[in-house]
Amino acid sequence: TRSTRPQRLLRAVQQKAIKGDPQSVISAIDYFCRHSEWAMNVGDEKGSILDSVVCEVCPTTALELGTYCGYSTVRIARLLPPGTKLITLEFNPAFAAVARQVIEYAGLQNKVCLVEGASGDLIPKMCQMFGIKTFDFVFIDHWKDRYLPDIKLLEECQLLRKGSILLADNVICPGTPEYLEYVRNSPHYESKYFKSHLEYTKVEDGLEKSVFLG
Ligand SMILES: O=C(NC/C=C/[C@H]1O[C@@H](Sc2ccncc2)[C@H](O)[C@@H]1O)c1cc([N+](=O)[O-])cc(O)c1O
Ligand SMILES: [Mg+2]
């Protein structure tokens with residue numbers, strides 16, 4: 001049977017990147033998506049905004065909703081100090097299988113914990129599974145209609161603390177109107193929009209950075 005796009009993306013990493021070199025994995029995926037097949041990775045333009053926020057936050061606990069092929073997982077994990085773990089949640093087993101191999105190729109498997117399942121089921125288990133009290137940083141890039149319910153769930157499970165940072169992809173394209181309306185109008189968040197472009201295109205998109213105020 002025909003290979004899937006994530007499998008072809010993984011093959012491009014294995015053929016073009018240097019094992020153990022996260023930057024070469026990132027570059028190989030960006031090259032593949034620009035010159036062979038578009039894929040819904042956060043990409044290099046929004047990716048550098050993601051990098052700057054991660055470096056500013058220096059999280060000791062970090063969560064990613066929506067692993068896909070592991071591109072943003074590698075971007076985040078490569079910046080984390082030793083001893084810090086990024087927990088990433090992925091619903092689709094086939095995507096998770098590819099992401100594990102991409103993360104391992106980058107040599108970051110010891111900094112990442114990929115959990116298969118739905119964020120709605122897994123978020124309430126973060127404390128019992130990992131002993132996590134609160135997250136310093138959350139990157140949100142999964143199903144767009146799950147952004148709002150999942151941050152409300154993070155609040156309910158008391159997994160956010162004063163100063164926790166949420167960074168949401170695609171707030172313009174494909175768009176997350178209910179999420180934006182909530183974080184921009186809630187007294188519990190201070191929000192800022194980082195204008196950019198949809199990965200590998202000239203279409204406008206951007207990231208919304210929201211600080212939880214407690
Ligand atoms: O649809 C988009 N992203 C949805 C991503 C979804 C990812 O998260 C889980 S869903 C899940 C994971 C965990 N828990 C529950 C559900 C899916 O299996 C996929 O790996 C998207 C679309 C475009 N676009 O241009 O169309 C651009 C983007 O940057 C995008 O992120
Ligand atoms: Mg996205």
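When a ligand or atom number is given, it counts from 1 through the structure's own listing order.
Between Asp205 and Lys202, no side-chain nitrogen of the basic residue sits less than 4.0 Å from a carboxylate oxygen of the acidic one, so the salt-bridge criterion is not met. Between Arg100 and Glu116 there is a salt bridge, since a side-chain N of the basic residue sits under 4.0 Å from a carboxylate O of the acidic one.
A continuous path of Ile, Leu, Val, Met, Phe, Trp and Tyr side chains, each step under 4.5 Å between heavy atoms, connects Val25 with Leu108, placing both in one hydrophobic cluster.
For the pair Glu64 and Thr73, the minimum side-chain heavy-atom distance is below 4.5 Å. The shortest distance between side-chain heavy atoms of Pro59 and Val54 falls below 4.5 Å. Between Arg75 and Gln23, the closest side-chain pair of non-hydrogen atoms is not below 4.5 Å. Side-chain atoms of Asp141 and Tyr147, non-hydrogen and from C-beta on, do get closer than 4.5 Å to each other.
In this structure Lys209 satisfies the salt bridge (Lys or Arg N to Asp or Glu O under 4.0 Å) test together with Glu56, sequence neighbours excluded. For the ring pair (Phe, Tyr, Trp, His ring centres under 6.0 Å) test, residues two or more places apart in sequence or in another chain that qualify with Phe212 are Tyr189.
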Could you pull out the N/O contacts under 3.5 angstrom between ligand 1 and the surrounding protein atoms?
unit_1, atom_1, unit_2, atom_2, d
ligand 1, 3 (N), Lys144, NZ, 3.3
ligand 1, 14 (N), Ser119, N, 2.9
ligand 1, 14 (N), Ser119, OG, 3.2
ligand 1, 18 (O), Glu90, OE2, 2.5
ligand 1, 20 (O), Tyr68, N, 3.4
ligand 1, 20 (O), Glu90, OE1, 2.6
ligand 1, 20 (O), Glu90, OE2, 3.2
ligand 1, 29 (O), Asp169, OD2, 3.2
ligand 1, 29 (O), Asn170, OD1, 3.0
ligand 1, 29 (O), Asn170, ND2, 2.7
ligand 1, 29 (O), Glu199, OE1, 3.4
ligand 1, 29 (O), Glu199, OE2, 2.5
ligand 1, 31 (O), Asp141, OD1, 2.9
ligand 1, 31 (O), Lys144, NZ, 2.9
ligand 1, 31 (O), Asn170, OD1, 2.9

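Counting only protein N, O or S atoms, the number found under 2.8 Å from the Mg ion (ligand 2) is 3.
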